[in-house]
Asks: 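My questions will all concern the structure given below.
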Amino acid sequence: MRQDSGARIEVQRQVPRVPKRLVSVRAPLTKLCKALNLVAKRLAEASLPRDSPPDPNTIQEMSLTLVMLISSGNVGCIIGRGGEAISKIRSESGANVKIASESLPNSTEKTVTVTGVGSQMERAINGICRKLHDSPDRMQQPRLLYDPEFELQVMRPGPGGLLAR
């Protein structure tokens with residue numbers, strides 16, 4: 001995937017008791033779309049039974065969900081004025097695209113969740129990348145990247161069985 005896209009792709013280590021893993025993709029926006037589409041395809045392949053070779057038609061027909069973490073200062077360009085941009089991405093791609101209203105805990109990132117079959121995912125990812133590419137970064141404060149271990153620290157019982165914050 002790294003060679004095919006030209007992006008820096010890192011799979012973060014598994015955090016105990018956290019069912020999801022972060023895949024960090026760093027690239028100029030022109031290469032980011034390709035990298036994200038390759039990650040989505042690889043996730044589809046990984047969800048197939050190990051004893052069956054990956055069939056491209058099966059992979060294209062599988063419904064997938066990809067959750068992207070995007071800085072809260074940049075999600076506005078994906079939404080657009082009055083929701084126009086996200087509505088266009090949804091209608092042109094056929095994918096379901098949802099943007100979280102709140103940032104992740106102790107982070108300046110929001111989730112952008114894309115669900116659809118192969119070609120829908122590809123069109124939605126490309127539409128999101130295009131919007132990010134065409135809009136300036138509006139992040140004013142320092143970025144705080146999401147850390148899944150922080151959620152475990154927050155949820156750990158404190159003295160007297162109370163949750164620590």
Side-chain angles (χ1 to χ4, degrees), residues 1-12 14 18-49 52-104 107-148:
M1 288 189 299
R2 291 178 184 111
Q3 287 178 337
D4 289 345
S5 68
R8 184 173 164 208
I9 302 172
E10 297 175 14
V11 178
Q12 306 296 320
Q14 181 72 46
V18 175
K20 298 176 183 172
R21 285 178 86 170
L22 293 177
V23 177
S24 175
V25 180
R26 298 184 196 284
L29 282 170
T30 54
K31 295 180 180 183
L32 185 63
C33 286
K34 184 168 187 169
L36 290 173
N37 282 306
L38 288 171
V39 167
K41 181 180 176 189
R42 180 64 190 111
L43 290 172
E45 290 170 356
S47 68
L48 293 172
S52 64
D55 174 23
N57 292 329
T58 302
I59 292 169
Q60 277 296 323
E61 294 169 8
M62 290 177 67
S63 181
L64 293 173
T65 297
L66 182 69
V67 180
M68 297 179 279
L69 306 182
I70 298 178
S71 113
S72 58
N74 292 334
V75 295
C77 71
I78 299 168
I79 297 169
R81 183 167 285 139
E84 184 178 313
I86 194 167
S87 293
K88 184 176 179 182
I89 291 169
R90 287 174 179 147
S91 66
E92 288 180 356
S93 69
N96 185 357
V97 181
K98 292 183 180 179
I99 298 175
S101 58
E102 299 292 323
S103 295
L104 290 164
S107 166
T108 57
E109 295 179 307
K110 290 186 176 185
T111 58
V112 177
T113 305
V114 181
T115 303
V117 296
S119 60
Q120 294 173 330
M121 290 283 290
E122 186 173 340
R123 288 190 302 266
I125 289 169
N126 291 343
I128 290 167
C129 287
R130 214 174 15 260
K131 284 294 176 189
L132 290 170
H133 182 265
D134 294 344
S135 300
D137 187 349
R138 298 188 188 278
M139 195 68 183
Q140 299 297 315
Q141 74 256 25
R143 291 172 198 260
L144 294 172
L145 301 179
Y146 172 67
D147 180 1

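Because the structure is predicted, anything quoted here is derived from the model rather than measured. Numbers here simply count residues along the sequence, with the first being 1.
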Asks: For the residue pair Ala7 and Ala35, what are the closest heavy atoms and their distance?
Replies: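 Smallest interatomic distance, heavy atoms only, reads CB-CB, 3.6 Å.
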Asks: Could you tell me which non-hydrogen atom of Leu36 sits nearest to which non-hydrogen atom of Leu66, and how far apart they are?
Replies: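 Scanning both residues completely, I find the closest heavy atoms to be O-CD2, 4.3 Å.
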Asks: If you round to the nearest 0.5 Å, how far is NZ of Lys131 from CD1 of Ile79?
Replies: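 That separation rounds to 12.0 Å.
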Asks: Hey, what do you get for CE (Met68) to CD1 (Ile78), rounding to the nearest 0.5 Å?
Replies: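 Output value for this atom pair is 6.5 Å.
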Asks: Determine the minimum heavy-atom distance between Lys31 and Ala27, stating which atoms define it.
Replies: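 Reported closest heavy-atom pair: CB-CB, 4.0 Å.
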Asks: Rounded to the nearest 0.5 Å, what separation is found between the NZ atom of Lys98 and the CZ atom of Arg90?
Replies: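 Here the interatomic distance stands at 8.5 Å.
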Asks: Spell out, as yes or no, whether a donor-acceptor pair under 3.5 Å connects the side chain of Ser91 to the backbone of Lys88.
Replies: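 A pair under 3.5 Å: yes.
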Asks: Measuring from Arg42:CZ to Leu38:CG, what's the distance to the nearest 0.5 Å?
Replies: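 Here the interatomic distance stands at 11.5 Å.
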Asks: What distance do Leu32 atom CG and Ile128 atom CD1 have between them, rounded to the nearest 0.5 Å?
Replies: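 Here the rounded value is 10.5 Å.
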Asks: Considering all heavy atoms of both residues, which atom of Gly116 and which atom of Gln120 are nearest to each other, and what is their separation?
Replies: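 That would be CA-OE1, 3.3 Å.
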Asks: Which heavy atom of Leu64 sits nearest to which heavy atom of Ala40, and what is that distance?
Replies: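 Nearest pair, atom of Leu64 first, then Ala40: CD1-O, 3.4 Å.
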Asks: Could you give the distance from CE (Met121) to OG (Ser63), rounded to the nearest 0.5 Å?
Replies: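 The distance works out to 8.5 Å.
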Asks: Start with the C-alpha gap between Ile89 and Val114, add the side-chain angles, then the distance that decides, and say whether side chain to side chain contact (heavy atoms under 4.5 Å, CB included) holds.
Replies: CA-CA 11 Å; Ile89 291 169; Val114 181; over 6 Å; no
Asks: Within the supplied structure, the quantity of interest is the number of heavy atoms (other residues, nucleotides, ligands) at a distance under 6.0 Å from Lys41 NZ; does it exceed 12?
Replies: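 Atom NZ in Lys41 is not crowded, with 12 or fewer foreign heavy atoms closer than 6.0 Å.
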Asks: Output yes when a side-chain donor or acceptor of Ser72 lies under 3.5 Å from a complementary backbone atom of Thr108, and no otherwise.
Replies: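 It does hold such a pair.
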Asks: Could you tell me whether the side chain of Leu69 reaches within less than 4.5 Å of the side chain of Thr111, counting heavy atoms only?
Replies: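 Yes, close enough: below the 4.5 Å cut-off.
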Asks: Closest approach of Ser93 and Ala124, non-hydrogen atoms and distance?
Replies: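 Heavy atoms of Ser93 and Ala124 come nearest at CB-N, 3.5 Å.
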